[in-house]
There are 2 protein chains.
Amino acid sequence: MREGPDIARIASLVGDPARANMLNALMGGTALTASELALEAGVSLPTASSHLSKLMDGGLLTLASQGRHRYYGLAGAQVAGMIEAIIGVAEAVGPKRVRPGPRDAAMRVARVCYDHLAGEQAVAMLDRLLDRKLLLRDDNQIRLSPSGASHFSALGIETAAKARRPVCRACLDWSVRRSHLAGTLGAAILDKIIAEKWARREKDSRAVAFSPKGRQEFERVFLA
Amino acid sequence: MREGPDIARIASLVGDPARANMLNALMGGTALTASELALEAGVSLPTASSHLSKLMDGGLLTLASQGRHRYYGLAGAQVAGMIEAIIGVAEAVGPKRVRPGPRDAAMRVARVCYDHLAGEQAVAMLDRLLDRKLLLRDDNQIRLSPSGASHFSALGIETAAKARRPVCRACLDWSVRRSHLAGTLGAAILDKIIAEKWARREKDSRAVAFSPKGRQEFERVFLA
DNA sequence: CGCATGGTTCGATCCTCGTCGAAGCATTCT
DNA sequence: AGAATGCTTCGACGAGGATCGAACCATGCG
């Protein structure tokens, strides 16, 4: 009937509760096995398997076979961004959730979005990097400035473009409703935060918990 | 079993083809009536009405009642952003589009949109009328210029405002993704095209087929 | 080799939800 | 008031798809 991209097909994939739970679980960026995802979604293994093959057919997932384990992961940052956008709308229109719990509060401050940092901290960081002209924004596109390139490599953060993935990309933050930094640079920064042990990932959650000292360091380096 | 925002609920609203077409039609920002949306989605009026109340319940649409017309529009930029994100994934993931059939091609060129002409011809016509300053656009509103008023009445096309329906209205074209002319003037022009037998409506389709001679006449009058 | 474990496929069941015709409201025009 | 138009609700029907148990592959381990 209508032409154009088949948006109903994609949306309906996300529109099943079991599949939505799986995708949500994968938003943490770590690939999971079919059994783990079945548990997350609260369905039996055959059901989960069926859902997973549908998500694969739809191009939303990637599959990495290792021995007899098969790890499913999100197909890319674009898919993650779409899910963030849907979460944002669901948050906005959803029944005013009964006072956000402590974990929700932590999620708002800092969390993992696929492979980069999101939340208030991440939004503040992008603002600051733009202020300091380490990154430049033209017309909703973000790119690295020469001074930014040297700045990040001095920190031991790789900024060379490789593959097709852009170094910098804006990703809309559902809790703050402004952009944070995605792309290979965003991913590299999160890697550094974890590697330096400034923060650790909460168990079974997307929340990222900074240690007091780690927060200081993070603020010194990225929010100064 | 996960908690958090009900993303499946939102996604499943977009996940029905009829609703997806409606939302797509509303992406231009102009609010549309239930009948127009029914036509755009290719469903009957009762079906469309049911979909619309679901979208309202889900908080994706706003409703503006004006007399006996009820204009539905997207609930806000966040919703539009979400749909854009879904479109992005759908385009990235489904490059293989089915080959459009002959009727689809005809539909793209010229079709009926509720009671006025849509498609490439209609978009070109609106462009031309604006160029010739027979119509004026301010700020996404379209209105008739004095010269336009005399021009159309010379053609025997009534341009007096009657009832509350606007004389000119922009309507987003799904195939071209730009506006074409709706409102009483748009309807009157389609009436003339049919009355002059420049074109006839295809059976059981929204497509409008111009005769060779009719097309010449149409272009002479409206695309000159 | 068996045997255990992780995953997928098959078959049958069940139920939600999309669909439309007909009828019912609501508003406006004559 | 009566007719016409725009839209919603009701009722019934049908199809798609989500679900799980059981059986079936595949890999790794002793």
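The sequence lines fix the lettering, A, B, ..., with proteins before strands; numbering per chain opens at 1.
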Trainee: Under 4.0 Å between any heavy atoms, over every strand shown, what does A:Ala48 touch: base, sugar-phosphate, or nothing? Just pick one.
Mentor: nothing
Trainee: Atom CG of A:Leu37 to atom C1' of C:dG7: distance rounded to whole Å?
Mentor: 12 Å
Trainee: Would you indicate what A:Tyr71 reaches in the nucleic acid, counting non-hydrogen atoms under 4.0 angstrom: base, sugar-phosphate, or nothing?
Mentor: nothing
Trainee: Could you check which of C:dG18, D:dC7, D:dA22 has an atom nearest any side-chain atom of B:His51?
Mentor: C:dG18
Trainee: Could you tell me the separation between the CG atom of B:Leu32 and the C1' atom of D:dC7, rounded to a whole number of Å?
Mentor: 15 Å
Trainee: Ring-plane angle category for B:Phe218 and B:Trp198, please: parallel below 30°, perpendicular beyond 60°, tilted otherwise.
Mentor: perpendicular
Trainee: Just compare C:dC20, D:dC7, C:dT19 and give me whichever is closest to any side-chain atom of B:Ser44.
Mentor: C:dC20
Trainee: Among side-chain atoms of A:Thr47 and A:Ser44, is any donor-acceptor pair under 3.5 angstrom?
Mentor: yes
Trainee: Of all the nucleotides listed (D:dC7, D:dC20, D:dT8), which has the minimum atom distance to the side chain of B:Thr33?
Mentor: D:dC7
Trainee: Starting at CG of A:Asp57 and ending at P of C:dT8, how long is that distance when rounded to a whole Å?
Mentor: 12 Å
Trainee: Figure out the CD/P separation between A:Glu36 and C:dT5, and round it to whole Å.
Mentor: 17 Å
Trainee: Just the rounded figure in Å: distance from P of D:dG16 to CG of A:Asp16.
Mentor: 17 Å
Trainee: Of the listed nucleotides (D:dT8, C:dC20, D:dT19), which one gets closest to any side-chain atom of B:Arg70?
Mentor: D:dT8
Trainee: Please determine, for the side chain of B:Ser49, which listed nucleotide (D:dT8, C:dG6, D:dA18) has the closest atom?
Mentor: D:dT8
Trainee: Are B:Phe222 and B:Ile189 side-chain neighbours, meaning at least one heavy-atom pair lies under 4.5 Å?
Mentor: yes
Trainee: Between P on D:dC7 and CG on B:Leu61, what's the gap in Å once rounded to a whole number?
Mentor: 14 Å
Trainee: Taking only residues two or more places apart in sequence, or in another chain, which ones meet A:Glu36 in a salt bridge (Lys or Arg N to Asp or Glu O under 4.0 Å)?
Mentor: none
Trainee: Base, sugar-phosphate, or nothing for B:Thr47, non-hydrogen atoms under 4.0 angstrom?
Mentor: base
Trainee: So if I take every side-chain heavy atom of B:Pro46 and compare against D:dT8, C:dT19, C:dG7, which nucleotide ends up nearest?
Mentor: D:dT8
Trainee: Report the distance from atom CG of B:Leu45 to atom P of D:dA4, rounded to the nearest whole Å.
Mentor: 19 Å
Trainee: Taking the side chain as every heavy atom from C-beta outward, state whether B:Leu129 and B:Phe152 have any atom pair closer than 4.5 Å.
Mentor: yes
Trainee: Which is true for B:Ser53 with a 4.0 Å heavy-atom rule: it touches a base, it touches only sugar-phosphate, or it touches nothing?
Mentor: nothing
Trainee: Does the side chain of B:Lys54 get closer than 4.0 angstrom to OP1 or OP2 of C:dG18 through an N or O atom?
Mentor: yes
Trainee: Rounded to whole Å, how long is the line connecting atom CG of B:Leu52 with atom P of C:dC20?
Mentor: 14 Å
